[in-house]
Structures are given as structure tokens and as C-alpha cells.
Q: 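One structure, as C-alpha cells, below. Some questions next.
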Amino acid sequence: MLDKKYNAQEKEGKWLQYWKDNAVYKFTRDNRPVFSVDTPPPTVNGKIHIGHVFSYSQAEMVTRYKRLRGFNVFYPFGFDDNGLPSERLVEKEQGKKAHQIGREEFSRLCYETTDRYEEEFRQLFGQLGVGADMSMCYKTVSPSTIKISQTSFLDLVSKGHCYHKESPALWCNECMTSIAQAELETKTIKTTFNYIHFTTVEDGEQFTIATTRPELLPAIVCVFVNPEDEKRAHLIGKTARIPAINVEVPIMADEKVAIDKGTGVVMCCTFGDQTDIEWWKKYNLPLKHIFTDDGRIIDSVPNYGGLKIKEARAKVIEDLKNAGVVEKIEELEHEVQVHERCGKEVEYSVMKQWFIDTTSHKEDFIRMGNNIKWHPEHMHKRYDEWVNNIAWDWCISRQRYFGVPFPVWYCADCGEAVFARVEDLPVNPLTDKPHIHNCPKCGCSEFVPERDVMDTWATSSVTPLINMKYGEENNYEDILRPMSIRVNASDIIRTWDFYTIVKSFYHFGHQPWNEVMISGFVMAGKGEKISKSKNNSKSDPMQLIKEYSADVIRYWAGSGRLGTDIVFADETILRGRKLVNKIWNVSKFIEMHLTDFENKEFNDYEYIDRWILGSFQEMEKGFIKYLDEYEVGLALNHLEKFFWNFCDNYIEIVKHRLYRPEEFGEKARYSGQKTVYTILYKLLQDFSIFFPFITEEIYQELFHDNKSIHLTEIKPLEFDFDSEIKNGDMIIEIISQARGEKTNHNVSLKTPIKKLDISVDQQLKDAINQSIKDFKATLFIQSLTLQDAKEGFIVNELELNLDETDVK
RNA sequence: GGAAGUUUAGCUCAGUUGGUAGAGCAUCUGCCUUACAAGCAGGCGGUCAUAGGUUCGAGUCCUAUAACUUCCACCA
């Protein structure tokens, strides 16, 4: 028997254990079609928030749906403990920078810290009921992952898509590492636009350059003017003297200079922005790099050496003012590029780095994107736009510690790179030695290890390879190339999705998955993203689960449209609680009336039973259609609507038959029993996608066939009850009107109707005649007369019997 | 500067091929009805952002505009 009240905390614990003991979510090969999910490994870098719950729930529900539809679900899990986020966490906890701690100790702390946080994440996803196969759980810094990541690197090198080159790269002087274009964010800051007088050496002609970055004056290598510029073209070919610095640079022509922007004269520094890099390459300009790795002016710059960038800026402005060469200073708000991990403004640096070619195969990447079905569709555009706008090859070198090492050494003499052999992977060049003893180029026997580690995304982008156990025996390559679906939020289309596509294309020549499912974000309020740094998430998910149950939290997480942002709303939680509670109560009711029920072949259903069976069948069609589009929220909405109709209308009608067979007949009772049995079974299956716990509890208690509801299969009904659906709905409308009449008289719904006279059309008359006992019993009608109407129905007379409160 | 999404009841949001506007919450009124008061029945509440157009008919299709959100680019 089901308990009077459902104790979520106790039952959820029980079923978690049951699923674990019975390996319900375990993947084993068989001959069913495979549905495979490339799950986002959460970044294990701190506090769990409600956003984690949201983004995993929708995808998890899809896997439950697919399982119920007969797919062999391949649903692994992973944790991303790799890279800068983990390092920053450790630095914050220790209150020290990595280089102050020392490489080895720092690495140890990273492992220890991420392990600790990982346990919390594991617990949360467990308690949420995430039905992943945890025996296939990977970590992004484990030896096997490092091996696959290094294998991928070597493959790309051998195919010529990955190269080592001295080249300008984006540099974060807070994190002291190079970064990639995809790791940039824009931020609006207040600054000043400074108009500075320059003069020509030849004739002392004065001209003005406007800049937001006067500290770059020592890095100026040349000045540009547009050759079409009538007013200033005469400057071309002359020499400019830089004020305050007193250095002379040539004035050159380039059509990229906008005549009407700023002052029409541009200083070119190495490097202030991307155009500078372009010009530097195009005109083979000298390199004047004036910043240190941690954001200071290098010592060799007179007057400013050793100052931080912003200090230098202030001092330069001051000096320029004193020299009387500042025309004006304007206040300015503009957008600058910052590093997404720390929010600090990004600089440029030139050093030897590893790059993956992302710029010369754009057409292929676009084609790969076209081979993938995007849900929702418009997210495809974001991908295309990103690919089309990529300006840099992907720099994967990070001058950091905690990450996948490059399996590379360099000849101490000639600098030739020596790569590890695939069979020797994983290797750490800092501790391992190359397999050859002499440089193949110069014969030198001394090698220098690569000290950089790879970008986190360089490893995250091989999750399909990790999933398929690439390179191992008994791998899953045959079933996971490509995988069925990738799921993630919209913010990492340009990183995770893009890089994975790049690598899959280079490795295999095809797309990594057939479909992509993009979820939205959880907003703390309107237009306010939940963020760890702001700590603006009001709700701790563990606390919420404790308070409302995992099923109810899942209701919130499963609502809403795919790809659409959601605000955490108490009212949605309450609505979920009502729904879950109702499922429990109606199940209790049905259980009560099934104690003597035997499931037999039966086709002689009562009219109203045919109505609800047909309605369920119709509903489930739409339900399936939504789920096939991965619109879990819409599917749930659709199902919920039917469910309340089932409870409030159908159950109210059928209960008389169930309670009083002596009055309505045993066959009519059996028809009702068979109907509620069938529909509850199917409702539980459908609801199990969203509420895995309570549905399991009810299922095992009522339908005890010794197996988890999550391993059953949805088989759609195949009735032909179109007429019953249509006319049954009309009957419900009549009932509703009559109930309204009772309510308007402020009397109980049990109040008998002394006389009801209605006009109905022929179809409806047939329907009412076929369901006459149910109809009269539901409304407590003592006398009913039916007249003819052309269409629909009209209530001619309704007289309540206010003397009696009960018919029986 | 380019692009995408959103705009429907006081609030949160549904509305699948165009056919008389829906749900929950809130509010108000009744009803303790042999599953459920965490319930049931009902009321109030909307020129579907604005302006045009296509159509017999537009919340739904087309065009333009506005506001909000987001992505991207430029930032001398």
C-alpha cells in the first residue's frame, strides 16, 4: 500500500540505492539502437548553484525519454578539473599565486582541491536523480584523458593542423598566460581619449594623434595616414617625433586608416590592438615590446620602466601636459576586451606558442555545422557567425601548471621539436625523457622539456574521443562516431562546440555528433546572470532538494523552452509540488480500487472510458512530438494539462462506478478499473522522465513486475475513439456548466439537481445516452430530459434540489 | 556597425500546419465532496508592443518601427 503521505527524503534515498544496486543506468552493448550523449563535464571549481541543476536536468530528461523509447542509452559523466579555473580556485584558497607555491606542490594542491569539490558535485547530481552511467565517469586530468588529449595533439601535428610558432598572442597579465580569442569577453570601462601633438622632424609641422593608451608611446614603431586623405597625405614619407619619448618614427600610408575617425592619424604600436599586428606583419615593422608578463613597463624604457601599465599611463599624460603637447582630454566610455576568467584587460605578447589552425578551413567547419541538427534551430546561426568571425588561429599554449602537458621536448642546441611516441603516452616532458637520445637534426644529446600546458579546451574538445575510449582495446568507436547528441548552454558554442567540431573534422573528417541541444541560463533576476563571483544565487540546490524533493526541483528545471533563459521562481516550485502531490493522491485512489483487479483482455469500455483513453492517446502523440524535438518543458506542460483533466473530470465521473458496482454493474466497474490501470501506468511512464523518484515508488508498489519503471518502454495506444474524444469533451462542458450553477448558489457540488433539461445535437445525444448513468451520477441528477438542438448544446432548465444535500 | 531571441491577464509563462484568446500564481466568492484543504467548483482580469500589408479570416504569415535581452565585430 502507498503511504498516506509521501516522504520524499526517505523514498528518494531508497530509490537511489536501488538504481545503483540494480545498475539501472548502466550501459551494456546489445542490439538496440544507441542514443549517446556527450555530456558537459562540469567545471569543478567551487560552489554548486542552481544553474548546474538547470542545465543538466533538461538533457537528463531527454535520456530518460530515449530509454523509454527503446534506445540503449549511452550516458557517461565527467568532471572538468583541468586548467585555469582550478588553478585560480587553489590560488584563492591558499591566498598565494601559483609561482609562489612552486610547480609540484601547486599541482598537488590542485588535485586535492578538485577532488574535494568533485565529491560535492557528485552528490548533487546523484541526489537530483541524474541517470548517467557513473561507471563511465572521466576526469579531464586523469592519465587516460591526458593520453587521449596528447594523442589528439600528435595527430594534429602530424597532419599539419597544429604548429609551433613565434607569433603575437593574446596575453593576460593577471593570469600570466596566453589565451585564445574564445576566452575574451567585452567590458565597458571609463577612460580618457587623449589628443596629443606630434611634430614632423623635417619641417616641424604639428599634427595630432588621439589615443586612449598614451603609455604605448614608447612602443610606437610608425605612424599611419590614409593616402586618400587630402589634408594629411603630404605627411607620408616624413618622420614623426614622438613627444615625451623623443623618438623618431616614419610616417607611412595605409588605406585602413579612417579619414574621418579620430584625427585621421594613427600610431602603430607593437602591440595595442589587432590592426597593429596586421600592420606589423604587412610592413615588416620592428618589434618594440614594452610590457613584462605581469603587466609592467620593461626596465629598459627610460622614465617609465617598472611602472604598472596604469601608473605609466598617468605619468605619460602628466609628462605630456607639462610639455604642453596635450590638445585636449575627453572622458570616454568604451568597450575593452578582457579575459573571461579574471576580467582583466588583455594585452598582446610575442612568444613561441602552439597553435591549432582554425582559420584556413572555415568552409569545412561551416559544412560540419550544417551536418548537425541544432535545437533550438537559431543557435546554429551563432555557430556560423563565430566561425566566420574567427581572426586568430587557436593558441593552445598556456604558461601555467595544472593541465595536460605537451608531449614535446626541444633540442637544446638547434631547438628542433622532438615528439613522444603515441605508444609512450601519457608523458610529462618535465619528468620523462624522449625516446631518442640524439637530435635527428644536429645530433645534440641534450633536450629541454616544453614547460607550457595545454588550454583546457584542448582537452574538453576531445570528450567524444574520451567517451569512445579512443585508442584503447574494446573501444566504442563503432557506435560513437558520430555521437547522437551534444548538450550545453549557449555560452560555450564558440568554445566547446566549435573546438570539438574542429578536432573531429581534423581527426575523422566528420562531425562529432548528429545533434546539438542548447539550454539557456538561470538568471538571478531580470537581466542578471547567476554568477559565482557575485554570489547572487539565492538558493542552494542541496537545501532546495531537502526542502522540496528532487522531483519538485526537477519540475522547475524541466519547465521552460529550450535555449531560453529562466529565472528561479518559487511559484514554479510550488506548482511542481502540487503536481507531484496530486500524482501521489490519485495513485492512492486508484490503488484503493485495484485491490481485486486482474489485468485481462478487455474491449467493451464504457463511453466515458473510451473518451479518456482516446484523449490520452491524442495527448501522448503531442507529448512524443515535443520530446522528439527535445522540448522537455513543452512536453511536460502538455502532459500536465491532460493529467489535471484526468483527475478533476474523469476520476470524478468514474468514482461512482468504482465505489458502487451493485448500482452500476460489475462490468462497468471493470471497465473503469481497466481504464485507470492503463492510464495510470502510462502516466507514470511519461512522468518518470521528470519525476524519476515518485513514479518509481508508485510503479513498484502498484505494478510490481520487479523491474524499474525506467527500464520499461512507452508503447502508444492504438484506439479509434475520435468521436468519443469530441463528444466527451462536450459532456465535460455540460458538467462544468452545471457545477458552476451549484457554485453560484453557494451550495456543495453534492447538491442534487431536481431537473435538468438540455437541448443537444444528435451526436451529443447519442453520447449522453451511452454514458447516461455516469452523467447522472456525476451531477446527482434526479430527472433529465434531452431535446433536439442543431449544434452543440443549450441548457434550458436547471433546478437544484436545495432540500436534500445527498442523493443517497 | 552586424545578427539572433523576446514582447500575450497584476506576476511567471503556454498557444504545433492562420479559424470565436489559455494555464499557474495573485486576488475575490463558495464548497470540509468516502484520493487529495498542498484539495474542489467558480468569478474578476487581455484593443496578444506599435503601424501597415496578405487573407473571407492574423496572437499565428510578410514589411517597418520601438523596447528589453543576448551574441559578434569595431574601438586611433
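All chains are named by letter (A, B, ...) in the order of the sequence lines, taking the proteins before the strands, and each is independently numbered beginning at 1. In this text, all values refer to a predicted model and were calculated from it rather than measured experimentally.
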Q: Wobble G-U and Watson-Crick pairs count when both distances are under 3.5 Å; given that, what is the 5' to 3' dot-bracket string of RNA chain B, with | for pairing to other strands?
A: (((((((..((((.....[..)))).(((((.......))))).....(((((..]....))))))))))))....
Q: Scan nucleotides 21-23 of chain B against the protein and return all N/O pairs shorter than 3.5 Å with their distances rounded to 0.1 Å.
A:
none

Q: Out of A76(B), A14(B), U12(B), which has the shortest distance to the side chain of Phe193(A)?
A: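 Nearest to the side-chain atoms of Phe193(A), counting from C-beta on, is A76(B).
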Q: Rounded to the nearest Å, what distance is computed from the CG atom of residue Leu184(A) to the P atom of nucleotide C74(B)?
A: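 So the two atoms are 10 Å apart, to the nearest Å.
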Q: Give a yes/no on whether any side-chain N or O of Ser559(A) is located under 4.0 angstrom from OP1 or OP2 of U12(B).
A: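 For U12(B), OP1/OP2 do not have a side-chain N/O of Ser559(A) under 4.0 Å.
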Q: Which nucleotide sits closest to the side chain of Thr212(A): C40(B), A76(B), C71(B)?
A: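 Ranking C40(B), A76(B), C71(B) by closest atom to the Thr212(A) side chain puts A76(B) first.
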Q: Does A73(B) have OP1 or OP2 sitting under 4.0 Å from an N or O in the side chain of Gln181(A)?
A: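 Looking at the OP1 and OP2 atoms of A73(B), one of them is under 4.0 Å from a side-chain N or O of Gln181(A).
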Q: Any chance the side chains of Asp254(A) and Tyr283(A) put a donor and an acceptor closer than 3.5 Å?
A: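 Checked: Asp254(A)/Tyr283(A) side chains pair up, N/O donor to acceptor below 3.5 Å.
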Q: Any ion pair linking Asp497(A) and Arg382(A) (charged N to carboxylate O, less than 4.0 Å)?
A: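 No, Arg382(A) and Asp497(A) are not salt-bridged.
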Q: Any luck finding a side-chain donor-acceptor pair between His593(A) and Gln673(A) under 3.5 Å?
A: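 Judged by distance alone, the side chains do not pair up.
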Q: Whole-Å distance between U6(B) P and Met379(A) CE?
A: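 Nearest whole value for this atom pair: 10 Å.
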Q: Quick test: give all pairs of protein nitrogen or oxygen and nucleotides 8-10 of chain B nitrogen or oxygen below 3.5 Å, distance rounded to 0.1 Å.
A:
none

